[in-house]
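The structure under discussion appears below in the form of structure tokens.
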Protein chains: 2
Amino acid sequence: MNPVGQLIRVDRSSPVPLYFQVAQRLEELIESGQLVPGTRLENEIALADQLGLSRPTMRQAIQYLVDKGLLVRKRGVGTQVVHAKVRRTVELTSLYDDLHRTHQQPRTEVLSFGETEAPDEVAVALALPTGAPVLAIERLRYAQGEPLAVMRNYLPAGLLQLSSEDLAKHGLYQVMRSAGINLRLADQTIGARKATAAEAKALGEARGAPLLTMIRTAYDDAGRAVEYGHHAYRASLYSFELTLVAR
Amino acid sequence: MNPVGQLIRVDRSSPVPLYFQVAQRLEELIESGQLVPGTRLENEIALADQLGLSRPTMRQAIQYLVDKGLLVRKRGVGTQVVHAKVRRTVELTSLYDDLHRTHQQPRTEVLSFGETEAPDEVAVALALPTGAPVLAIERLRYAQGEPLAVMRNYLPAGLLQLSSEDLAKHGLYQVMRSAGINLRLADQTIGARKATAAEAKALGEARGAPLLTMIRTAYDDAGRAVEYGHHAYRASLYSFELTLVAR
DNA sequence: GAGTGGTCTAGACCACCAG
DNA sequence: TGGTGGTCTAGACCACTCC
């Protein structure tokens, strides 16, 4: 048993929800190693008592970390710390966000940019009539000075004001978010294939080199398909990492 | 507005939790198209009232579907149906489970099976000392009569009784589950590379064909690393599909 | 201002697990 | 048999959105 209650204090004057304050603090304790994997927490009622919270609020905090994969609960047994490692669960982010967060100096070269008629594949994905106007973007993404990926994106025309310069400086998702588009869902398909001659040249790979591909359709919080992308990454430099949590 | 309350009834004598009954029924209504994307649900209190539930219970049902990506809630606005499509969110399953569910007639050929000393990479992943005994398994997976993937797995020795015959008939995760091992977390890395000569031959691909690779470490509900796998799939036949939900 | 979801409380009973 | 988490109730106040 561990006196977790003594390591956590909540601030009732803070605008941050109580359950979230507790969850954050617990996460800190786990990631800093003060609560090692295997540690059993006190029961919910005792914890709630020590922190001056009601049981449902304490439960909400614990549930949040269970969903994140940091804690495990078993009826009749208790709550245990599962993992210490900092783990990223699957997130709805863009390559730019990922690279920026890990300080990999992303740089973007906009290869082409402009309105066009949606090809069949794009029209279907975005739920538009064939030939509807879409904004087509083709970019070459660099990280640490090396070309990393060829990215092709399609957005419904008129969805947002966007300039080629914006894209050179920010990630597409970043631009969309600041335009008030809230991304909610994305369907992704990850596969692999050989590089075409043009791709190999752009990416500095040999002909026929293996590329990792990702096709994504993203939906906003109104359920509209707002972006379709078809990307190809150098398999020698890039891979997708994800952590799955069983329900 | 939609009279959802009239389409749902709960059975208080059922052992199924009330919130889950409601969530399941709502999911049915959405997937069957009776609630089309964009539909606004009545507010929580009205729904709870119509079903004879308390508001927290009704909220729990709605939250379950929000987490699944079927509903979206906005404060001050309401709850809307986002998607109708049957979507699989990221799950902790094995290739065998996936193929079996989609009726693709999985077949397994066990190429090698036996105890060995853990190579460095495996020992690190399973948190064992280098050279510790592990069960090493190499399998060739077929679907619809075609070779699909070469799978290499390592399990701590003595974790479970396992025969080569079990593996020919069932998926590894299925066998582990029925042995009482509850998988909770998995770290995965998805990448791509060229096939080695041996892989190309086993899989019926040309030399240097692109393969999709997946490296996975799985943990049980006590936080122990229980399985490490390194798999290679024919990119021409296989891809990973996943749906992400923003938090 | 009216209506919505977000948070929180203080209880209650039950199902499951371990000793 | 005692302790744990799982579920459920009937309220309350607040923050946000839209009109």
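Not measured: the values here are computed from a predicted model. Convention: sequence-line order gives letters A, B, ...; per-chain numbering from 1.
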Discussion item. Side-chain N or O of B/T57 versus OP1/OP2 of D/dT7: is the shortest distance under 4.0 Å?
Written reply: no
Response to the item:
Sorted by position of nearest nucleotide on DNA chain C, 5' first, the leading residue of B/I62 and A/V16 is B/I62
Practice prompt. Would you tell me if any nitrogen or oxygen in the side chain of A/N43 comes within less than 4.0 Å of OP1 or OP2 on D/dT4?
Written response: yes
Worksheet item: Got a sec, which residues hit side-chain contact (heavy atoms from CB on, under 4.5 Å) with A/Q80, two or more places apart in sequence or on another chain?
Response: A/R40
Worksheet item: Does OP1 or OP2 of C/dG5 have a side-chain N or O of B/T79 closer than 4.0 Å?
Response: yes
Item to complete: Could you name each residue pair satisfying ring-ring contact (aromatic ring centres under 6.0 Å, His included) that touches residues 29-58 of chain B, not counting sequence neighbours?
Response: none
Discussion item. Expressed as a whole number of angstroms, how long is the span from A/L51:CG to C/dC8:C1'?
Written reply: 14 Å
Discussion item. For the CD1 atom of A/I190 and the CZ atom of B/F240, what is their distance to the nearest 0.5 Å?
Written reply: 8.0 Å
Discussion item. Rounded to whole Å, how long is the line connecting atom OH of B/Y64 with atom P of D/dT7?
Written reply: 11 Å
Fill in: OP1 or OP2 of D/dG6 under 4.0 Å from side-chain N/O of A/R59
yes
Worksheet item: Among A/V22, A/D49, A/L18, A/N43, whose side chain to side chain contact (heavy atoms under 4.5 Å, CB included) with A/M58 holds?
Response: A/V22
Fill in: d(CG, A/L41; C1', D/dG3) in whole Å
16 Å
Worksheet entry | Any residue meeting salt bridge (charged side-chain N to carboxylate O under 4.0 Å, His left out) with A/E121, in chain and number order, not counting sequence neighbours | none
Discussion item. Without decimals, in angstroms, what is the distance between A/Q63 CD and D/dT7 C1'?
Written reply: 12 Å
Worksheet item: What is the distance, rounded to the nearest whole Å, between atom CD1 of B/I45 and atom P of C/dT4?
Response: 8 Å
Worksheet item: In whole angstrom, what separates A/L47's CG from D/dT4's P?
Response: 10 Å
Discussion item. Please report the distance, rounded to the nearest Å, between CE in A/M58 and C1' in D/dT4.
Written reply: 14 Å
Worksheet item: For B/L65 and C/dG5, what is the distance between atoms CG and C1' respectively, to the nearest whole Å?
Response: 16 Å
Practice prompt. With heavy atoms under 4.0 Å as the rule, sort A/L18 into base, sugar-phosphate or nothing.
Written response: sugar-phosphate
Worksheet item: Going 5' to 3' along nucleotides 10-19 of chain D, which nucleotides have protein heavy atoms under 4.0 Å from the base (write B), which only from the sugar-phosphate (write S), and which from neither (write -)?
Response: B-B--BBB--
Discussion item. Tell me which pairs pass ring-ring contact (aromatic ring centres under 6.0 Å, His included) where either residue lies in residues 4-56 of chain B, with sequence neighbours left out.
Written reply: B/F20-B/Y64
Worksheet item: Would you say C/dT9 has OP1 or OP2 under 4.0 Å from some side-chain N or O of A/R12?
Response: yes
Practice prompt. Using only side-chain N and O atoms of B/Y19, determine if any of them is under 4.0 Å from OP1 or OP2 of D/dC8.
Written response: no
Discussion item. Just to verify, what does B/D221 make a side-chain contact (heavy atoms from CB on, under 4.5 Å) with, not counting sequence neighbours?
Written reply: A/V72, A/K74, B/N182, B/R184
